[in-house]
Amino acid sequence: MNNRIITALDIGSTYVRAVICEQDPDGLLKIIGSGVRPSTGLRQGVVVNIEATLRAITATIEDAEMMSGLEVTDCWTGIGGNHINGLNSRGVVGVSGKKKNSNEREIGPEDIERVIEAAKAVVIPTDRQILEVIPQNFKVDDQKGIRNPMDMIGVRLESDVHIITCAVTGAQNLIKCVNRAGLRVNDLILQTLASGRAVLTPEEIELGTVLLDIGGGTTDVLVYVDGTPYSTYTIPAGGTHVTKDISILKNISLENAEKIKIDAGCCWESMMDVKETVIVPGVGGRPPMSIPRSQILAIIKPRMEEIFKLVKQHLDTLNLSRSLGGGVVLTGGGSQLSGVVDLANHILRLPARLGSPLQTPNLSGLVEEYRIPSYATAIGLILEGEKRSRAEQKEYASDSRNREKMNLIERLRVWLKEEFT
């Protein structure tokens with residue numbers, strides 16, 4: 001049995017990242033290649049320049065292929081941005097499974113599929129499409145909070161689901177860019193769902209956690225309640241806005257502003273020496289200037305405060321019945337800014353930590369280079385892609401067995417007809 005190749009493609013507003021993994025017959029994953037290139041063809045997660053996005057994807061994949069020594073043909077692609085929206089819905093059906101007595105029946109897979117389909121029957125604008133439908137919990141007759149109702153006895157089955165939608169054109173343009181780069185998109189996966197797979201522990205998901213993926217153009221929010229996604233929300237501000245603030249207020253190029261943000265940026269006073277200075281490059285032949293680092297903090301902190309206050313406003317509208325015991329987990333490139341965890345803890349009033357891809361038993365090759373927040377989505381796409389591939393293989397094997405069974409029945413029917421007619 002040959003090893004299987006799984007490729008993840010994280011197309012962001014500031015960078016495109018690709019990770020190639022090899023899966024052995026025992027199911028163990030090993031990272032064998034990666035690539036990263038600047039991205040200029042997206043704005044707030046939406047493709048605005050096909051050619052620029054195509055060039056970035058092509059170069060990133062080529063880098064990853066060169067490192068791995070392999071040529072890839074398909075990938076699991078992340079999608080995010082301000083066109084993503086989430087809503088909760090409920091479906092109700094009567095149980096039609098195997099009869100146990102005069103009134104009660106056993107719940108089968110067909111009943112679960114029907115109730116989820118019923119929950120999906122919501123009015124969605126024609127310019128939007130369903131990206132994910134995630135069951136939250138089930139209710140059998142009067143019994144609530146059931147995670148898996150399979151084989152239970154009941155008359156009425158209900159299901160709460162979280163539906164994530166995206167703009168049709170946003171998804172189509174992303175797929176078009178990947179296809180033109182010579183790759184087939186296995187599926188589009190929500191970036192925050194992928195990040196959550198990589199950085200959250202099962203305990204955090206069960207207790208309830210706010211995942212903040214601070215990217216370049218947007219900050220994507222995914223709230224987990226009782227072990228499942230409950231709310232999906234996007235704030236149209238991220239790390240690029242911080243860079244632009246520095247550029248405008250200090251009259252320097254975006255490139256120099258980005259360098260200052262990375263090298264000297266901070267948004268929490270106690271983590272900075274007030275005596276420190278920053279060299280600001282001169283413009284138009286003028287000599288560089290030395291300014292207090294506190295001036296950079298005074299630019300960065302208000303923008304980051306604005307982002308976290310918008311997150312808090314959204315959380316306050318949810319009216320959750322229980323506290324989020326898992327706190328806040330910050331990931332994405334913007335989360336690596338010095339002091340961002342302390343500021344999030346201060347404004348959101350929840351315990352906060354930085355989210356980097358966790359070391360898992362079935363994933364090797366995860367060296368320190370990849371164990372940083374900016375690689376959370378790419379690593380999560382590998383893990384989620386592998387999970388979906390496994391489910392597809394299982395479903396295909398089941399369908400194959402059913403087809404073989406039907407073929408046998410058909411051959412038996414033909415034989416009986418020929419013998420006894």
Side-chain angles (χ1 to χ4, degrees), residues 44-45 78-90 119-120 122 130-138 144-145 147 159-166 189-215 218-238 304-332 334-335 340-341 343-356 358 373 376-377 380 383-384:
Q44 294 186 340
I79 185 171
N82 61 0
H83 65 108
I84 300 294
N85 193 22
L87 66 149
N88 294 319
S89 178
R90 174 173 293 182
K120 283 169 58 178
V122 295
I130 292 178
L131 185 66
E132 306 272 0
V133 178
I134 306 168
Q136 295 169 320
N137 60 72
F138 295 88
K144 301 179 181 178
R147 290 289 176 85
S159 176
D160 292 318
V161 301
H162 185 60
I163 301 173
I164 300 168
T165 67
C166 67
I189 299 174
L190 184 67
Q191 290 171 342
T192 44
L193 271 179
S195 298
R197 284 272 296 161
V199 306
L200 297 180
T201 65
E203 292 78 14
E204 286 173 327
I205 294 174
E206 193 62 38
L207 288 170
T209 299
V210 182
L211 177 67
L212 298 185
D213 190 340
I214 308 175
T218 61
T219 296
D220 298 322
V221 184
L222 183 59
V223 182
Y224 287 86
V225 175
D226 293 331
T228 58
Y230 181 80
S231 175
T232 307
Y233 186 68
T234 299
I235 294 168
M304 297 306 297
E305 283 180 332
E306 177 193 21
I307 291 172
F308 292 135
K309 285 177 180 177
L310 289 171
V311 173
K312 190 171 191 314
Q313 286 178 17
H314 175 67
L315 294 177
D316 290 342
T317 64
L318 298 181
N319 296 317
L320 300 176
S321 59
R322 54 177 287 187
S323 62
L324 297 166
V328 180
V329 177
L330 303 157
T331 192
S335 68
V340 73
V341 172
L343 186 62
N345 176 271
H346 174 72
I347 294 176
L348 299 177
R349 300 297 177 186
L350 289 168
R353 74 169 178 88
L354 196 61
S356 298
L358 302 170
T377 298
L383 297 173
E384 185 66 21

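In this chain, numbering begins with 1 at the start of the sequence shown.
For residues 316-332, the pairs satisfying salt bridge (charged side-chain N to carboxylate O under 4.0 Å, His left out) are D226-R322, K312-D316, with sequence neighbours left out.
Minimum interatomic distance between A198 and L383 (heavy atoms only, all atoms of both residues): CA-CD1, 4.2 Å. For the residue pair A376 and V199, the shortest heavy atom distance occurs at CB-CG1, 3.7 Å. Summarising the geometry of A352 relative to V341, their closest heavy-atom pair is O-CG1, 3.5 Å, with the distance given to 0.1 Å. Across S231 and H314, no two heavy atoms sit closer than the pair OG-NE2, 2.8 Å.
I189 places a side-chain heavy atom less than 4.5 Å from the side chain of E132. A 4.5 Å side-chain heavy-atom check between P373 and L354 finds at least one atom pair inside the cut-off. Inter-residue side-chain proximity for I235 and L212 is flagged as unmet; no heavy-atom pair is nearer than 4.5 Å. Residues T232 and L190 form a side-chain contact, since some pair of their non-hydrogen atoms from C-beta on lies under 4.5 Å apart. Two residues are said to be in side-chain contact when any heavy atoms from C-beta on lie closer than 4.5 Å; L330 and F308 meet this criterion. Inter-residue side-chain proximity for I84 and T218 is flagged as unmet; no heavy-atom pair is nearer than 4.5 Å. The side-chain heavy atoms of L193 and E384, taken from C-beta on, include no pair separated by under 4.5 Å. When side chains are defined from C-beta on, L318 does not count as touching V225, because their heavy atoms never get closer than 4.5 Å.
Atoms CG and CG, on L207 and L200 in that order, are 11.5 Å from each other to the nearest 0.5 Å. Y233 contributes atom OH, which lies 11.5 Å from atom CG of D220 (distance to the nearest 0.5 angstrom). The distance from the CD1 atom of I205 to the CZ atom of R197 is 8.5 Å, given to the nearest 0.5 Å. Here the CG atom belonging to L310 is positioned 12.0 Å from the CD atom belonging to E305, to the nearest 0.5 angstrom. Considering CD1 of I164 and CD1 of I79, their distance stands at 11.0 Å, rounded to 0.5 Å.
Not counting sequence neighbours, the partners of T201 by the side-chain contact (heavy atoms from CB on, under 4.5 Å) test are E203, E204, L358. Residues passing the side-chain contact (heavy atoms from CB on, under 4.5 Å) test with N137, sequence neighbours excluded: D160. Partners of S89 by side-chain contact (heavy atoms from CB on, under 4.5 Å), not counting sequence neighbours, listed by chain and number: A119, V122, V161, I163. Looking at residues two or more places apart in sequence or on another chain, you find a salt bridge (Lys or Arg N to Asp or Glu O under 4.0 Å) between R147 and E206. Remark: Y224 engages no residue in a ring pair (Phe, Tyr, Trp, His ring centres under 6.0 Å) (not counting sequence neighbours).
Without hydrogens or angle criteria, T192 side chain to V221 main chain gives no donor-acceptor distance under 3.5 Å. Counting only distance, with no hydrogens or angles, the side chain of N82 and the backbone of G45 share no donor-acceptor pair below 3.5 Å. A side-chain donor-acceptor contact under 3.5 Å links T331 to the backbone of G355.
A donor-acceptor pair shorter than 3.5 Å can be found between the side chains of S195 and D213. For the residue pair H162 and T228, no side-chain donor N or O sits within less than 3.5 Å of a side-chain acceptor on the partner.
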